[in-house]
Participant: 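Following this message is one structure expressed as structure tokens.
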Amino acid sequence: MKAIVILLILVPYLALAQCDEAGLGLLSAEVHGDTVILKNDTVYRNCGALYTMEVTNPGNDTLIWMQADTGDVAYCYCNFDLSVSLDSLSPGDYVVKVYYTDLVYNDTCYIGIVP
């Protein structure tokens, strides 16, 4: 009986705590000389949050774009257009992997690679 009660409590949490593929948005990039604008349009995120745009370069041809949730935890979701500009980027081919953090469920979710 205890196992059934635990499962009934955990199943909704486990279902909601997963990264929502429908809310990841559309990834794109615009290049203007040595400036690149990375875009994540119509993403579905925590309404009460502010998102910092952190880009790191762990390797020569890889960039990590982390959309870090730094705002209040609100249990509602809204559409955002998120973007970040990278200036003075050296010429070359890059792979940009995009992630976001979700303070509501304390998750880091992989969104995808910027095409």
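All residue numbers refer to positions in the sequence shown, counting from 1.
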Participant: Who passes side chain to side chain donor-acceptor pair (under 3.5 Å) against S83, sequence neighbours left out?
Facilitator: none

Participant: What's the spacing between L26 CG and I111 CD1 if we round to 0.5 Å?
Facilitator: 11.0 Å

Participant: NE2/H32 to CG/D87 distance, rounded to the nearest 0.5 angstrom?
Facilitator: 11.0 Å

Participant: Can you check whether Y51 and Y100 have ring centres sitting under 6.0 Å from each other?
Facilitator: no

Participant: Got a sec, which pairs hit salt bridge (charged side-chain N to carboxylate O under 4.0 Å, His left out) with one end in residues 32-44, sequence neighbours left out?
Facilitator: E30-K39

Participant: Before you tell me yes or no, could you show the steps for T42 and D81 under side chain to side chain contact (heavy atoms under 4.5 Å, CB included), namely the whole-Å CA-CA distance, both residues' side-chain angles and the distance that decides it to 0.1 Å?
Facilitator: CA-CA 5 Å; T42 62; D81 290 329; 4.0 Å; yes

Participant: Would you say L50 and M53 are hydrophobically clustered, going by side-chain heavy atoms of ILVMFWY under 4.5 Å?
Facilitator: no

Participant: Measuring from I113:CD1 to L63:CG, what's the distance to the nearest 0.5 Å?
Facilitator: 11.5 Å

Participant: Counting C-beta onward and ignoring hydrogens, is there a side-chain heavy-atom pair between V36 and L38 closer than 4.5 Å?
Facilitator: yes

Participant: In the structure I gave you, are the side-chain heavy atoms of N79 and V43 within less than 4.5 Å of one another anywhere?
Facilitator: no

Participant: Linking I/L/V/M/F/W/Y whenever any side-chain heavy atoms sit under 4.5 Å apart, do Y94 and I64 land together?
Facilitator: no

Participant: Identify the two heavy atoms, one from L82 and one from W65, that lie closest to each other, and give their separation to 0.1 Å.
Facilitator: O-CH2, 3.9 Å

Participant: Could you grab the distance from atom CG of L27 to atom NZ of K97, nearest 0.5 Å is fine?
Facilitator: 13.5 Å

Participant: Could you tell me which residues satisfy side chain to side chain donor-acceptor pair (under 3.5 Å) with D61, sequence neighbours excluded, listed by chain and number?
Facilitator: none

Participant: Can you find a heavy atom in the side chain of T56 that is under 4.5 Å from one in the side chain of M66?
Facilitator: no

Participant: Other hydrophobic cluster members with I37, side-chain heavy atoms of Ile/Leu/Val/Met/Phe/Trp/Tyr under 4.5 Å, chained?
Facilitator: none

Participant: Can you tell me how far apart CG (D107) and OG1 (T101) are? Round to the nearest 0.5 Å.
Facilitator: 9.5 Å

Participant: Listed by chain and number, what are the ring-ring contact (aromatic ring centres under 6.0 Å, His included) partners of Y110, not counting sequence neighbours?
Facilitator: Y99

Participant: E54: which residues meet the salt bridge (Lys or Arg N to Asp or Glu O under 4.0 Å) condition with it, sequence neighbours left out?
Facilitator: none

